> 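Okay, handing you the structure first.
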Amino acid sequence: MNNLLRSLLVLLPLLFTLPSQAVTLNDQFDLALSAELVSDYRSRGQSQTLGDPALQASATLSHSSGLYAGLWTSNVDFGFDIKTRQEIDYYAGYFLQINDAISLDIGYAKYVYENAGGLNYSETYAILNAYGFLVGHQYSSNFGADQKDAYTWTYLGYETALPFEALISMRYGQVDYKDDVLVSNSGKTRSRYNEWETKISKEMVGLNWGLAYVDTDMSDSECVNYLGFDDICDATVVASVSKSF
């Protein structure tokens with residue numbers, strides 16, 4: 001199930017860090033558990049914690065048929081009077097291993113925010129991974145404060161090994177809100193923005209250590225007009241450490 005768990009690295013806003021190993025329960029089922037500490041929880045380039053650290057955990061149950069289901073959670077902070085401090089994501093899907101180098105992952109995810117049900121939304125996703133390259137697409141039709149907005153997130157990525165048993169992963173994506181919700185100080189509007197990330201990770205002393213550069217092309221004015229803060233869409237370096245159980 002290693003390829004399945006690796007494909008879920010890019011699933012959901014958060015870019016989960018799921019373990020690359022799993023506990024075999026029996027001939028049919030594997031269970032993967034992980035915990036991670038990140039210096040900033042970034043989703044599609046935007047901070048979900050106002051730049052503060054986050055503690056995250058996941059559990060994924062996988063069947064030999066390729067079916068899987070799981071949940072992921074993290075602390076969040078959106079500021080203002082939004083009372084939620086926890087995000088819980090539920091997901092289920094089907095992972096098809098076509099051959100050793102090509103796989104397809106399709107599924108559904110539900111995002112739930114404690115004490116702020118108006119923020120809840122769901123999305124469908126598909127991820128094709130071939131020879132280290134990946135193409136992903138996620139779609140939601142009930143996003144936003146009134147749960148009637150839509151968005152898509154389409155991205156390309158690549159992952160390869162580095163010397164000293166390190167790993168580098170890169171992603172470039174575009175988020176499209178369908179409506180012109182991004183407004184600059186000059187009054188110019190647009191519905192899309194681009195985001196990208198480069199991450200280097202390495203296993204040491206039983207832990208997986210990571211360092212990522214995350215950025216978007218959103219201006220400070222677009223960020224503050226849409227999210228209320230001008231610095232949570234800026235370039236940043238995110239440090240992480242995770243453990244699989």
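Owing to the predicted nature of the structure, the values given are computational and were not obtained by experimental measurement. Side-chain atoms are counted along with the backbone in the values below, which use heavy atoms only and exclude waters and symmetry mates.
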> With a 4.5 Å limit on heavy-atom distance, are the side chains of Glu165 and Glu203 in contact?
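No. Closest side-chain heavy atoms not under 4.5 Å.
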> My understanding is that only residues two or more places apart in sequence, or in another chain, count here; which of them pass side chain to side chain donor-acceptor pair (under 3.5 Å) with Ser221?
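Partners of Ser221 by the side chain to side chain donor-acceptor pair (under 3.5 Å) criterion, ordered by chain and then number, come out as Ser219.
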> Is it true that the side chains of Ser244 and Ser34 contain a donor and an acceptor less than 3.5 Å apart?
no
> What residues form a side-chain contact (heavy atoms from CB on, under 4.5 Å) with Thr189, not counting sequence neighbours?
Asp180, Val183
> Let me confirm one number: the OG-CG distance from Ser201 to Leu162, rounded to the nearest 0.5 Å.
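Rounded to the nearest 0.5 Å, the OG-CG separation comes out at 8.5 Å.
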> Under 4.5 Å between side-chain heavy atoms, counting indirect links through other Ile/Leu/Val/Met/Phe/Trp/Tyr residues: same cluster for Met204 and Leu207 or not?
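They do share one cluster, since a chain of ILVMFWY contacts under 4.5 Å joins Met204 to Leu207.
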> Nearest 0.5 Å please: distance from the OG atom of Ser65 over to the OH atom of Tyr68.
12.0 Å
> Hey, mind stepping through Asn208 and Lys243 against side-chain contact (heavy atoms from CB on, under 4.5 Å) and telling me if it holds?
CA-CA 6 Å; Asn208 190 283; Lys243 174 67 177 178; over 6 Å; no
> Which distance, rounded to the nearest 0.5 Å, do you find between the CD1 of Ile102 and the CZ of Phe133?
12.5 Å
> Pair Tyr91, Thr60 - check side-chain hydrogen bond (donor to acceptor under 3.5 Å, both in side chains), show working.
CA-CA 9 Å; Tyr91 51 90; Thr60 303; 2.7 Å; yes
> What residues form a ring pair (Phe, Tyr, Trp, His ring centres under 6.0 Å) with Phe29, not counting sequence neighbours?
His63
> Just to verify, what does Asp176 make a side-chain contact (heavy atoms from CB on, under 4.5 Å) with, not counting sequence neighbours?
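Partners of Asp176 by the side-chain contact (heavy atoms from CB on, under 4.5 Å) criterion, ordered by chain and then number, come out as Thr152, Lys178, Ser191, Arg192.
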> Are any side-chain N or O atoms of Ser141 and backbone N or O atoms of Ala150, one a donor and one an acceptor, separated by less than 3.5 Å?
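Here the side-chain-to-backbone pair does not exist.
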> Verify the distance criterion only: is there a donor paired with an acceptor across the side chains of Gln28 and Ser64 at less than 3.5 Å?
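On atom types as modelled, these side chains qualify, holding a pair under 3.5 Å.
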> Not counting sequence neighbours, which residues clear side chain to side chain donor-acceptor pair (under 3.5 Å) with Thr154? List them please.
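Thr154 satisfies side chain to side chain donor-acceptor pair (under 3.5 Å) with His137 once adjacent residues are dropped.
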> Is the shortest heavy-atom distance from the side chain of Glu123 to the side chain of Tyr111 under 4.5 Å?
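They are in side-chain contact.
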> Decide yes or no for Leu134 and Tyr158: does some side-chain heavy atom of the first lie under 4.5 Å from some side-chain heavy atom of the second?
no
> Could you pull out the closest heavy-atom pair between Val38 and Ser240, with the gap in Å?
CG1-CB, 3.8 Å
> Enter the distance from Asp52:CG to Ser47:OG here, rounded to the nearest 0.5 Å.
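That separation rounds to 7.5 Å.
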> Should Tyr94 and Leu128 be regarded as members of a common hydrophobic cluster, given that ILVMFWY residues are connected when their side-chain heavy atoms come within less than 4.5 Å of each other, either directly or indirectly?
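Same cluster.
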> By side-chain contact (heavy atoms from CB on, under 4.5 Å), which residues pair with Phe80, not counting sequence neighbours?
Phe229
> Where is the tightest heavy-atom contact between Cys233 and Thr216, given as atom of each residue plus distance?
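That closest heavy-atom pairing would be O-OG1, 2.9 Å.
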> Could you tell me if the side chain of Phe78 sits less than 4.5 Å from the side chain of Leu119, heavy atoms only?
yes
> Between the side chain of Asp230 and the main-chain N/O of Val224, is any donor-acceptor distance below 3.5 Å?
no
> With sequence neighbours left out, write down each residue that passes side chain to side chain donor-acceptor pair (under 3.5 Å) with Ser140, or none if nothing qualifies.
Asn142
> My understanding is that only residues two or more places apart in sequence, or in another chain, count here; which of them pass salt bridge (Lys or Arg N to Asp or Glu O under 4.0 Å) with Asp40?
Arg42
> Could you check whether any side-chain N or O of Lys199 sits under 3.5 Å from a backbone N or O of Ile168, counting only pairs where one atom can act as donor and the other as acceptor?
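Side chain of Lys199 to backbone of Ile168, a donor-acceptor pair under 3.5 Å: no, none is there.
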> Find out whether Leu50 and Ile232 are in side-chain contact, i.e. whether some heavy atom of one side chain is under 4.5 Å from a heavy atom of the other.
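Contact flag for Leu50/Ile232 side chains = yes.
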> Looking only at the side chains, is there a donor atom on one of Asn115 and Tyr113 sitting less than 3.5 Å from an acceptor on the other?
no
> Nearest 0.5 Å, what's the CD-CD distance between Gln48 and Gln56?
10.0 Å
> Closer than 3.5 angstrom, by distance alone: can the side chain of Ser39 be matched with the main-chain N or O of Ala239 as a donor-acceptor pair?
yes
> With a 4.5 Å cut-off on side-chain heavy-atom distances among I, L, V, M, F, W and Y, is there a chain of contacts connecting Val238 to Leu55?
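In one cluster with Val238: Leu55, no.
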> side-chain contact (heavy atoms from CB on, under 4.5 Å) between Asn26 and Thr24: does it pass, once the steps are laid out?
CA-CA 6 Å; Asn26 53 43; Thr24 299; 6.0 Å; no
> Do the side chains of Leu37 and Val205 join up, straight or via other hydrophobic residues, at under 4.5 Å, putting them in one cluster?
yes
> Kindly indicate whether the side chain of Arg85, heavy atoms from C-beta on, has any atom under 4.5 Å from the side chain of Asn75.
no
> Can you confirm whether Val76 sits close enough to Glu87 that some side-chain heavy atom of one is under 4.5 Å from a side-chain heavy atom of the other?
yes
> Keeping the roles fixed (side chain from Gln46, backbone from Cys223), state whether a donor-acceptor pair exists under 3.5 Å.
no
> Report yes if the side chains of Val241 and Glu36 come closer than 4.5 Å at any heavy-atom pair, otherwise no.
no
> Between Trp72 and Tyr41 (judged by ring centroids, cut-off 6.0 Å), do the two rings come close enough to count as a pair?
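Under 6.0 Å, so yes.
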> Can you tell me which residue pairs pass the ring-ring contact (aromatic ring centres under 6.0 Å, His included) test with a partner in residues 168-192, sequence neighbours excluded?
Tyr172-Trp196, Tyr177-Tyr226
> With no hydrogens and no angle check, is any side-chain donor or acceptor of Asp179 less than 3.5 Å from a backbone partner on Val181?
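A pair under 3.5 Å: no.
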> Going hydrophobic residue to hydrophobic residue with side-chain gaps under 4.5 angstrom, can you get from Tyr213 over to Met218?
no
> How would you list, by chain and number, every residue that makes a ring pair (Phe, Tyr, Trp, His ring centres under 6.0 Å) with Phe143, sequence neighbours excluded?
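By the ring pair (Phe, Tyr, Trp, His ring centres under 6.0 Å) rule, Phe143 matches Tyr121, Tyr151.
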> With a cutoff of under 4.5 Å between side-chain heavy atoms, which Ile, Leu, Val, Met, Phe, Trp and Tyr residues group with Leu156?
Val135
> Taking side chain to side chain donor-acceptor pair (under 3.5 Å) as the test, write out the residues that go with Ser184, two or more places apart.
Ser186
> Using side-chain contact (heavy atoms from CB on, under 4.5 Å), reason through Leu167 and Glu159 one step at a time and then give a plain yes or no.
CA-CA 7 Å; Leu167 186 71; Glu159 179 182 88; 3.6 Å; yes
> For the residue pair Thr73 and Gln86, confirm or rule out a side-chain donor-acceptor distance under 3.5 Å.
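On atom types as modelled, these side chains qualify, holding a pair under 3.5 Å.
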> If the threshold is 4.0 Å, N to carboxylate O, is there a salt bridge linking Arg171 and Glu195?
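A salt bridge links Arg171 with Glu195.
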> Is there a side-chain contact (heavy atoms from CB on, under 4.5 Å) between Asp105 and Asn129 once you walk through the steps?
CA-CA 8 Å; Asp105 185 8; Asn129 196 323; over 6 Å; no
